[in-house]
Amino acid sequence: MESKESLIGTTLPMAVRDNIQSSLGAEFEVFLNFRGPDTRLNFADCLYHSMDGAGIRIFRDNEEIRKGEEINDKLELTIKSSAICMPIFSRNYASSAWCLRELAYMMDCSRNRVGKAMILPIFFDVDPEDVKLKTRLYQDALQRHEEKFGYDEVQRWKEAMREVAQIKGWDLKYKGQGELIRSIVAEVLIKLNKRDKNLPDHVVGIQDCVEDVMHLLDEGFPDVRYLVIHGMGGIGKTTLAKVVFNQISSQFHGCSFLSNVREASKGGNIVQLQRQLLSEILNFKLVEISDSDVGINQIKRRFRDKKVLIVLDDLNTWDQFAKLAEKRDWFGQGSRIIITTRDTNFLPIEEENQENSVPLHSEEFKVYQMRELHRCHAQLLFCRHAFRMDSPPHDYADISCDIICKASGLPLALEVIGSSLYCKSERFWIDTLKKLNLVPKQDVLDKLKISFEMLEDAQREIFLDIACYFIGEERTHLHYMWKALDFFPRSDVIVLTRMSLIKIVNDRLLMHDLLRDLGREIVRLEDPKFPKNRSRLWCPKVALDVVQTRKGTENIIALKLIRLSKEPDFTSDEFSRLPSLRFLELEGGNLVGDFKNLLSSLRWLSWHRCPSKLQAVNLYIWNLTVLKLLDSNIPENWNGWGSFLVNHDLKVIHLMRCHLSRTPDFSTCLNLKILVLDGHCPKSLEGQCMRELHPSIGEMACLTCLSLRGCHRLRKLPESIGKLRSLLLLNLLYTRIKELPDSIGELKRLEEMNLGFTQIRELPSTIGGLKSLLALNLQRTKITELPPSIGYLIRLECLLMAGSKIKELPKAIGMLENLKVLESRNCKNLDGEIPSEIGRVSSLEVLDVSGLSNLGKLEELTVRSCSQLIEIQDIEELQSLKELLIRKCSSIKRLPSLSKLYKLRTLHLFNCESLQYLPDVSNACHPSVHGCPMLGESSDDGCELRVRFTQSIKPKEHKELKQLAASSLLSAPRLHRKGLLIYQNLEV
């Protein structure tokens, strides 16, 4: 039993507990064993009626056995078929041979696993010690029985009493009868309510997911908690929910698993779901529910004092949720509601989190994001279905690998494909692989297509665009194209992510391979026979045939003409048949002819190795939004290309390796948002690389991103750069710029500036004007000092100075109250003290000033009260370390092996509650552990990282360092949260 206040004795063996089955089909669920004269008219009677009122089918001999029937066989059958046997021990219990005979038979069934009864004793007015026969209470009665029934029979009864007394039960001596009966009924309902869900025959790779979900549920906490299991169709959401349900359902007063809510609620059947929910949790059939409002009121009234577990499987609308489990106060403390869904759009979850594809949480909901199976688990699942074993036969290893790749870790696909190949010929396998190369299995597509069919029209267009062309593309570029088409990309992309149709990683759009195949199959089925009637042609050969044979139609909105054996020219006549074209990707070749009034719908043009001189005339793409040119030679005067820039709708110019000597005049495209001029010229072409920016650069008041990365010959920025008042990102990485203009401080909205690997020697004092700056990269620059105005960068979160010429950190560093990352490793000129003001940087998470290998003489290291520290890296590099003390670091989980630290003599680990295991140490080391419960120790009791010097040593002499102290970090409570503890060039 589980009740903390009313249960005593030892725990029933887990194997017996797990063996309990729901016995709703049996005649009785509980068998009550008691001595009539002691309790029939009081406690036993009240207990019987309380259980009966709760819908529990309970056996009581004076009511259930009809006069004149053979009692032994009936009782044996009743005991065997009951889920729970409940003996009530009273002072005169042992005087009844009948009670003792029943008790012995219960124990025989339990020992021999006959029937399915769990024995749960009640100690009415006796102690367990009395039932263990350690007192005189039952001795006289048993002695009299021995004289009548013989020694052997009574010994059997005594054994049964002693065994039952070992089982955890209820003691009435310390509680009122009403309170105890309520507790007993609640616990019995829990035991009877075990309704394990059927699982697939092969459940693979789910244990880590179960552990993660268990952590989020945190079943021990008394609050009411909602957990959402989110993922694409067929990824295993329901299976995970079933496994978790089976593991924890016995801990609740009632549980219900509502399968396939999306389908079940169609046609107004939500009332049936409410009825099922109430019936399963209350364990009896309810009166008719006339409408959903009545159902809601019943749920609120009947569940508000119950600790319940509810699974709402495949939920997809707020209306479903609102009528089944909308509010926490409907349920008792400790309740858990688990939702599985492929679409979280109906739930109130923060947009920013969803867009960035990080674990989602809100005040109401915790979200667990399902992932595809790891390769090894995918192979195991496939092989168990395809071969009924754990690995493929040698002859099938290669083709199995190819087929597994097609499933891309999706459990549904692995199961469907694997099962279809079981006991099939090698020829069948080969044909199946060929088919999969063209289109996925229909069963898999049908499952995935459910999500697509839930989308609105514009969202479907965006999904198909991504599936056919834009996997891996930057979201921001696509945003402007879709916006120009009167879509709502910001919200629509969020919808797609919340429906698990796409992912966003590092601001690029990604899609599961099978979802990509689904999108392309949807387009193919627009007209299976004639590609000219489809909306998108992503296969270059098919697209080329349609264009060159002049079969284009107004249906075609996107073409990809790349990686062709030859790079043909395209004529105006060919494109005249494509009036709806909005996306075009070309490689090589040229445009020839009169393009007047052609390509008027084009929004995106991408051209790899475009010609230096276009042969087209009257080419004006007035509605172009995105222009991307790669590996091309654009003439200095932009001859032939100038018309592309006469465009008020142009938002993105992305030129990569185009060998420009100067930028064009931007005065005709002042609405530009993103300008990327990525140089990286080979040395043979450095003379052609861009040397300067056109003065008109300052006129682009709408520009938010300017990247000049890799423009090796660019040495200065025009003063007009300060006019870019909308600029958010300035990337000058790998340029040869030597100084920043003073006007840089006018970029009030700038959030990120990358000056890494430039020739800049100092920052202007006006840098302090960058009030919005979040990240500043000065890696490998020639900057020797930071101006005091650096302290005015009050929003700065990340300052990278690795490998720079910086000599000291200014005291103004302490003004950066939002700084999280400060990196200055390998700054060989860094001298002087770490300023004590750094202690005011309370948001600091990472301090990286070198590798620990540079502290080869360090002998003592103390890490104390770093509550967010998870891991200490590189500690094994401290070859001279003699003493290591880690104290009150509650989040640290692991330490690397210390076995090669041969001088380590003392390892103190105090109050590290999350530390999971002791590290390996040399034989000379003597670990001391206290207050580390996961290591078997109990606990006894700002962030300090303390290392001491044997003498005052200047940073440049750090290789002689023997003890290191950084007491100035005491007020940085979040320091080291990412586990990076690296120190160099310190003076105390």
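Heads up: numbering here begins at 1 and tracks the sequence.
- Nearest heavy atoms, Ala467 versus Gly519: CB-CA, 3.9 Å.
- A salt bridge between Arg427 and Asp431 is present, with a side-chain N of the basic residue lying under 4.0 Å from a carboxylate O of the acidic one.
- Summarising the geometry of Glu574 relative to Val547, their closest heavy-atom pair is CG-O, 3.6 Å, with the distance given to 0.1 Å.
- Applying the salt bridge (Lys or Arg N to Asp or Glu O under 4.0 Å) test to pairs two or more places apart or on separate chains, those with a residue in residues 617-631 are Glu473-Lys628, Asp631-Arg657.
- Residue pairs meeting the salt bridge (Lys or Arg N to Asp or Glu O under 4.0 Å) criterion with at least one partner in residues 530-539, sequence neighbours excluded, are Glu461-Arg536, Asp465-Arg536.
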Margin query: Using the rule given for side chain to side chain contact (heavy atoms under 4.5 Å, CB included), can you reason through Leu602 versus Arg582, listing the C-alpha separation, both sets of side-chain angles and the distance that settles it, and then say yes or no?
Written below: CA-CA 4 Å; Leu602 196 66; Arg582 69 187 193 206; 5.5 Å; no
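- Once rounded to the nearest 0.5 Å, the distance linking NZ of Lys560 with NZ of Lys541 reads 15.5 Å.
- Taking Asn754 as the reference, Asn731, Leu733, Asn777 meet the side chain to side chain contact (heavy atoms under 4.5 Å, CB included) condition, with sequence neighbours excluded.
- Residue Leu650 is tested with Thr625, Leu627, Ile621 for a side chain to side chain contact (heavy atoms under 4.5 Å, CB included); the sole match is Leu627.
- Applying the 6.0 Å contact sphere to NZ of Lys748 captures more than 12 heavy atoms from other residues, nucleotides or ligands.
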Item checked: Check against side chain to side chain contact (heavy atoms under 4.5 Å, CB included), Met753 and Leu740 -> CA-CA 12 Å; Met753 183 160 63; Leu740 294 176; 4.3 Å; yes
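- The two residues Pro695 and Ser720 come nearest to each other via the heavy atoms O-OG, 3.5 Å.
- Environment of CD in Glu456: sparse, with no more than 12 heavy atoms of neighbouring residues, nucleotides or ligands closer than 6.0 Å.
- Considering only residues two or more places apart in sequence or on other chains, Phe666 meets the ring-ring contact (aromatic ring centres under 6.0 Å, His included) condition with none of them.
- Evaluated for a side chain to side chain contact (heavy atoms under 4.5 Å, CB included) with Glu585, the options Leu559, Leu561, Ile562 yield exactly one hit, Ile562.
- Checked against the 6.0 Å centroid criterion, the rings of Phe470 and Phe583 qualify as a close aromatic pair.
- The shortest distance between side-chain heavy atoms of Val444 and Leu514 falls below 4.5 Å.
- Contact check for Ile417 versus Phe382: side-chain heavy atoms found under the 4.5 Å cut-off.
- Considering all non-hydrogen atoms of both residues, Gly233 and Leu448 come closest at O-CD2, 3.3 Å.
- Side chains of Asp594 and Asn618: a donor on one and an acceptor on the other come within 3.5 Å.
- Every residue meeting the side chain to side chain contact (heavy atoms under 4.5 Å, CB included) condition with Asp573, not counting sequence neighbours, appears here in chain and number order: Arg550, Thr571, Ser576, Arg577.
- Below 30°, between 30° and 60°, or above 60°: for His477 and Trp604 the angle between ring planes is between 30° and 60°, a tilted geometry.
- At a threshold of 4.5 Å between non-hydrogen side-chain atoms, the residues Leu581 and Leu599 count as touching.
- Checking Ser601 against Asn623 by side-chain atom types alone, no donor-acceptor pair falls below 3.5 Å.
- By the ring-ring contact (aromatic ring centres under 6.0 Å, His included) test, Trp538 is found to be paired with no residue, residues two or more places apart in sequence or in another chain being considered.
- Atom OH of Tyr469 has more than 12 heavy atoms from other residues, nucleotides or ligands within 6.0 Å.
- In this structure, Arg342 contributes its side chain and Gly231 its backbone to no donor-acceptor pair below 3.5 Å.
- Relative orientation of the Phe575 and Phe595 rings is tilted, given thresholds of 30° and 60° on the angle between their planes.
- Taking 4.0 Å as the cut-off between side-chain N and carboxylate O, Arg516 and Asp513 count as a salt-bridged pair.
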Notebook entry, point to check: Does the side-chain hydrogen bond (donor to acceptor under 3.5 Å, both in side chains) test come out yes or no for Thr341 and His230, once each step is laid out?
Noted result: CA-CA 5 Å; Thr341 184; His230 180 227; over 6 Å; no
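- With Arg460 contributing its side chain and Leu455 its backbone, the two residues share a donor-acceptor pair below 3.5 Å.
- Rounded to the nearest 0.5 Å, atoms OG1 (Thr735) and CZ (Arg715) are 10.0 Å apart.
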Next item on the list: Report the C-alpha distance between Asn590 and Lys613 in whole Å, list the side-chain angles of each, state the deciding distance to 0.1 Å, and finish with yes or no for side-chain hydrogen bond (donor to acceptor under 3.5 Å, both in side chains).
Entry: CA-CA 9 Å; Asn590 208 325; Lys613 184 175 181 180; over 6 Å; no
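- In this structure, the side chains of Asn647 and Tyr620 stay at 4.5 Å or more apart for every pair of heavy atoms.
- Side-chain contact check for Arg749 and Ser772: no donor-acceptor pair (N or O, by modelled atom type) lies under 3.5 Å.
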Margin query: Run Ser632 and Arg609 through side-chain hydrogen bond (donor to acceptor under 3.5 Å, both in side chains) and show every step you take.
Written below: CA-CA 5 Å; Ser632 305; Arg609 294 198 307 277; over 6 Å; no
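- Residues Leu629 and Met656 fail the side-chain proximity criterion, which asks for heavy atoms closer than 4.5 Å.
- Rounding to the nearest 0.5 Å gives a distance of 7.5 Å between CG of Leu496 and CE of Met511.
- With values rounded to the nearest 0.5 angstrom, Leu501 atom CG is found 9.0 Å from Met454 atom CE.
- Other residues, nucleotides and ligands contribute over 12 non-hydrogen atoms within 6.0 Å of the CZ atom of Phe428.
- Atom CD of Gln442 has more than 12 neighbouring heavy atoms from other residues, nucleotides or ligands inside a 6.0 Å radius.
- Atom NZ of Lys723 and atom OG of Ser696 lie 11.0 Å apart (nearest 0.5 Å).
- Counting non-hydrogen atoms of neighbouring residues, nucleotides and ligands closer than 6.0 angstrom, the CZ atom of Phe488 reaches no more than 12 such neighbours.
- Ring geometry, Phe463 versus Phe452: the interplanar angle falls from 30° to 60°, so the pair is classed tilted.
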Next item on the list: Mind running side chain to side chain contact (heavy atoms under 4.5 Å, CB included) on Val546 and Ile556 for me, showing each step along the way?
Entry: CA-CA 10 Å; Val546 169; Ile556 298 174; 3.7 Å; yes
Next item on the list: Start with the C-alpha distance between Glu372 and Ser408, add both sets of side-chain angles, then the distance that settles side-chain hydrogen bond (donor to acceptor under 3.5 Å, both in side chains), and finish with yes or no.
Entry: CA-CA 7 Å; Glu372 295 83 2; Ser408 300; over 6 Å; no
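- Minimum interatomic distance between Leu485 and Arg603 (heavy atoms only, all atoms of both residues): CD2-CG, 4.0 Å.
- A distance of 8.0 Å separates CG of Leu591 from CG of Leu605, quoted to the nearest 0.5 Å.
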Note to self: Asp517 vs Glu521, test: side chain to side chain contact (heavy atoms under 4.5 Å, CB included). Steps then yes/no.
What the structure shows: CA-CA 6 Å; Asp517 294 344; Glu521 178 65 4; over 6 Å; no
